[in-house]
Amino acid sequence: MNISDLTLIVAAGGKSSRMGEDKRFLPMDGEPLLARTLRKSRAAGFRSIVLAAEGVRSDLSALAEEFGATLVTDEQPAQGPAAAIAAGLRAAETEWTLVLSADMPFYDFELVRALLPEATGDTQVVLPTISGYWQPLAALYRRDAGTA
């Protein structure tokens, strides 16, 4: 398995309550943070990209169209990243997905290669840790993870 066998789910909730403004659209090197993440994602070669957000907005729809992503929305509002993951998994085109937070503009997609060998058998989630902290928004999820 490689990156072209994966769907990428970009969790882009956008509440940004601690920041005070929508961080998805903060400029970075001349482009909005979310656009940068989507551009890098498209270049990485994923089979498909799902943009999971809290609701439909024209700016999100435009970005999804520009980068060939499918825009999906939370089934239940105000549930945080779990709702984005669930909506993204329902739209996934492949057995395995990489879930990535929209506010990780420096994520190196080569790191996915280290996770792929763990995505075998009955495994549902490959959850990396950094300095002892779980990273659920930079993890591999089987499309049917969490379903009964």
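As a basis for the values below, the full set of heavy atoms in this structure was taken, side chains included, without hydrogen atoms, waters or symmetry mates.
Looking at heavy atoms from C-beta onward, E75 lies in side-chain contact with R90 at the 4.5 angstrom threshold. Looking at heavy atoms from C-beta onward, I49 lies in side-chain contact with R42 at the 4.5 angstrom threshold. Between L51 and F67, the closest side-chain pair of non-hydrogen atoms is not below 4.5 Å. Within the 4.5 Å cutoff, the side chain of L33 has heavy atoms near those of the D103 side chain. Contact annotation: the side chain of E65 never approaches that of L71 to less than 4.5 Å [non-hydrogen atoms, C-beta and beyond]. With contacts defined as side-chain heavy-atom distances shorter than 4.5 Å, the pair L34/L60 qualifies. Counting heavy atoms from C-beta on, the side chains of P136 and V99 never come closer than 4.5 Å. Two residues are said to be in side-chain contact when any heavy atoms from C-beta on lie closer than 4.5 Å; L140 and L116 meet this criterion.
For the atom pair CG of L89 and CH2 of W96, the computed distance is 10.5 Å after rounding to the nearest 0.5 Å. Annotation: the span from R57 atom CZ to L63 atom CG amounts to 10.0 Å, rounded to 0.5 Å. To the nearest 0.5 angstrom, L111 atom CG is 8.0 Å from I130 atom CD1. Expressed to the nearest 0.5 Å, how far CG of D5 lies from CG of N2 amounts to 4.5 Å. A distance of 4.0 Å separates CZ of R113 from CD of E110, quoted to the nearest 0.5 Å. For the atom pair OG1 of T37 and OH of Y107, the computed distance is 12.0 Å after rounding to the nearest 0.5 Å.
Of the possible donor and acceptor atoms, none in the side chain of S48 sits under 3.5 Å from a partner among the backbone N and O of T7. Side-chain atoms of R142 come within 3.5 Å of backbone N or O of T123 as a donor-acceptor pair. Q135 places a side-chain N or O within 3.5 Å of a backbone atom of Y133 that can act as its donor or acceptor partner.
The two residues A84 and A52 come nearest to each other via the heavy atoms O-CB, 3.5 Å. Taking all atoms of both residues into account, the shortest heavy-atom contact from M104 to A138 is CE-CB, 3.9 Å. The two residues V50 and G88 have their closest heavy-atom pair at CG1-CA, 3.9 Å.
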Verdict with supporting geometry, R47 and E93, salt bridge (charged side-chain N to carboxylate O under 4.0 Å, His left out): CA-CA 8 Å; R47 170 93 46 90; E93 295 180 10; over 6 Å; no
